[in-house]
2 protein chains.
Amino acid sequence: MDAKNTISQMRRGILEFCIVSLLADQEIYTAELISRLKAANLIVTDGTLYPLLNRLQKTELLQYRWEESDSGPPRKYYSLTEAGADYLQALETAWQDITESVHSILRGNNSE
Amino acid sequence: MDAKNTISQMRRGILEFCIVSLLADQEIYTAELISRLKAANLIVTDGTLYPLLNRLQKTELLQYRWEESDSGPPRKYYSLTEAGADYLQALETAWQDITESVHSILRGNNSE
DNA sequence: ACATGCTACCTTGTTATGCAAGGTACTGTG
DNA sequence: CACAGTACCTTGCATAACAAGGTAGCATGT
């Protein structure tokens with residue numbers, strides 16, 4: 001239970017990074033995002049994603065367009081704005097910095 | 001400001017992982033932990049660390065002993081308990097899983 | 001003896017995120 | 001026209017990092 005907690009917490013922010021990455025090259029709607037993330041072992045509920053997507057759209061990092069579906073109500077297909085593409089680059093840099101920090105700590109621990 | 005926010009959020013949980021890693025082989029007290037983390041580009045304030053260390057100690061993942069200092073009040077030197085060592089292993093696995101998830105998303109994005 | 005500064009430990013209030021649970025609305029089917 | 005399925009969204013909770021502020025031990029200088 002303790003480990004589970006921190007392992008969830010490790011995902012904070014990373015989820016946003018993954019979503020922005022997935023939207024880099026394609027328009028995706030929410031349910032598809034969820035199954036993409038699930039395929040990468042990142043289990044998320046729609047109650048997590050909708051607020052996140054709305055927040056990113058309100059800050060103009062994401063945009064969407066409605067598209068009708070063959071099997072139900074219309075869907076919001078999201079994509080990156082230009083600012084969103086810049087943001088993705090910043091997140092990629094941040095991710096590299098963090099992994100490097102973690103690795104330097106793991107390395108430092110064994111050698112020192 | 002937006003990017004800064006998520007980049008901070010990316011560190012959630014990772015900080016705990018780093019601390020447990022640093023304590024794997026040595027006894028360290030708080031100020032030393034902070035400078036070790038700073039050396040790895042993970043800036044943290046003591047207001048973040050003290051609650052974290054107390055929490056880990058209350059859940060019996062960390063233990064401490066008092067040691068007097070030449071230049072001021074005594075210090076709490078922390079180290080891992082046996083449960084803490086197991087916890088570290090769980091965190092290492094979780095970290096590997098997460099980095100793999102992120103990489104699979106980054107890769108998948110370029111190829112698909 | 002005492003004031004001052006430094007170090008170390010700790011607490012409180014704020015903000016933000018992920019999640020569970022619950023709710024609304026559109027679409028197709030019998 | 002009821003019903004199931006899909007898609008979108010909101011509310012309340014728990015947790016973590018942080019800023020700011022507080023207490024107390026120790027050394028130094030007068």
Side-chain angles (χ1 to χ4, degrees), chain A residues 1-20 27-35 37-38 42-59 62 64-78 91 94 98 101, chain B residues 1-20 27-35 37-38 41-59 61-62 64-78 91 94 98 101:
Chain A
M1 161 196 143
D2 232 357
K4 230 184 246 168
N5 245 340
T6 293
I7 290 163
S8 309
Q9 299 309 332
M10 269 197 189
R11 293 171 41 185
R12 285 179 174 266
I14 293 175
L15 181 58
E16 183 175 312
F17 175 38
C18 289
I19 287 168
V20 173
E27 293 182 311
I28 315 186
Y29 78 106
T30 312
E32 200 179 338
L33 266 179
I34 292 176
S35 64
L37 292 168
K38 189 178 176 185
L42 284 168
I43 312 298
V44 192
T45 69
D46 65 342
T48 299
L49 277 192
Y50 283 111
L52 205 169
L53 292 169
N54 284 331
R55 178 168 56 83
L56 293 174
Q57 183 257 314
K58 269 172 200 147
T59 53
L62 295 186
Y64 66 85
R65 66 180 174 77
W66 286 101
E67 184 170 314
E68 298 191 358
S69 160
D70 290 341
S71 57
R75 302 166 175 171
K76 269 185 173 177
Y77 277 82
Y78 283 93
L91 290 178
I98 285 177
S101 293
Chain B
M1 162 196 142
D2 231 358
K4 231 185 248 170
N5 246 340
T6 293
I7 291 163
S8 311
Q9 300 308 333
M10 268 196 191
R11 293 172 40 186
R12 283 179 176 267
I14 293 175
L15 181 57
E16 183 175 311
F17 175 38
C18 289
I19 287 168
V20 173
E27 293 182 311
I28 315 185
Y29 80 105
T30 313
E32 201 179 337
L33 266 178
I34 292 175
S35 64
L37 292 168
K38 190 179 176 185
N41 280 328
L42 285 169
I43 311 297
V44 193
T45 68
D46 65 341
T48 299
L49 235 43
Y50 283 109
L52 205 168
L53 292 170
N54 283 331
R55 179 167 55 83
L56 293 174
Q57 183 256 315
K58 269 171 201 148
T59 53
L61 299 170
L62 295 187
Y64 67 86
R65 66 178 175 78
W66 286 102
E67 184 171 314
E68 297 192 358
S69 161
D70 289 341
S71 58
R75 301 164 175 172
K76 271 185 174 176
Y77 278 82
Y78 284 93
L91 290 178
I98 285 176
S101 293

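Heavy-atom basis, side chains included; hydrogens, waters and symmetry copies ignored. In what follows, chains are A, B, ... by sequence order, proteins preceding strands, each numbered from 1.
Taking side-chain N and O atoms only, A:Arg55 has a distance below 4.0 Å to OP1 or OP2 of C:dT17. Between A:Tyr29 and D:dA7 there is a side-chain N or O to OP1 or OP2 distance below 4.0 Å. For the OP1/OP2 pair of D:dC18 and a distance below 4.0 Å, the side-chain nitrogens and oxygens of B:Arg11 include at least one atom meeting the criterion.
Regarding B:Trp66, its CH2 atom lies at a distance of 6 Å from the P atom of C:dC10, rounded to whole Å. If you take CZ of B:Arg75 and C1' of D:dC26, they are 12 Å apart, rounded to a whole angstrom. Rounded to an integer number of Å, the gap from CD1 of B:Ile34 to P of D:dA17 is 13 Å. Remark: C1' of D:dC8 and CG of A:Leu52 are 15 Å apart, rounded to the nearest angstrom. To the nearest angstrom, P of D:dA7 lies 8 Å from OH of A:Tyr77. Atom-to-atom, CD of B:Glu67 to P of C:dC9 comes out at 11 Å; the value is rounded to the nearest Å. Atom CD in A:Glu68 sits about 19 Å away from atom P in C:dA25, given to the nearest Å. Atom CG in B:Leu62 sits roughly 14 Å away from atom P in C:dC9 (whole-Å rounding).
Closest approach of B:Met10 to A:Gly13, counting heavy atoms only: CG-C, 3.9 Å. Listed here is the closest heavy atom pair of B:Arg11 and B:Ile43: NH2-O, 2.7 Å. The two residues A:Tyr29 and A:Lys76 make their nearest non-hydrogen contact at CB-O, 3.1 Å. Scanning both residues, A:Val44 and A:Thr48, for their nearest heavy atoms gives CG1-CB, 3.6 Å. When all heavy atoms of A:Leu33 and A:Leu49 are compared, the pair lying nearest together is CB-CD1, 4.1 Å. Heavy atoms only, all atoms of each residue included: B:Pro51 and B:Gly47 are closest at CD-O, 3.1 Å.
Nearest-nucleotide assignment on DNA chain C puts the 5′-proximal partner with A:Ile14, out of A:Ser71 and A:Ile14. The 5' end of DNA chain D is approached more closely, in terms of each residue's nearest nucleotide, by A:Tyr50 than by the other of A:Tyr50 and B:Gly13.
In the set C:dA20, C:dG18, C:dA8, C:dA20 carries the atom at the smallest distance from any side-chain atom of A:Thr45. Of the candidate nucleotides D:dG5, C:dG18, D:dC8, C:dG18 has the atom nearest to the side chain of A:Thr48. Proximity note for B:Asn54 (side chain, C-beta onward) versus C:dT11, C:dG18, C:dA20: the nearest is C:dT11. The side chain of A:Pro74 lies closest to C:dT27 when the candidates are C:dT27, C:dG18, C:dA8. You'll find that the side chain of B:Tyr78 is closest to C:dC10, out of C:dT7, D:dT6, C:dC10.
Among the heavy atoms of the strands lying under 4.0 Å from B:Pro51 is at least one base atom, whether or not backbone atoms are also near. Within the 4.0 angstrom heavy-atom criterion, base atoms lie near A:Arg12. Using a 4.0 Å heavy-atom distance criterion, A:Thr30 is classed as a sugar-phosphate-only contact. Among the protein residues, B:Ile43 comes within range of the sugar-phosphate backbone only, with heavy atoms under 4.0 Å from sugar or phosphate atoms but none that close to a base.
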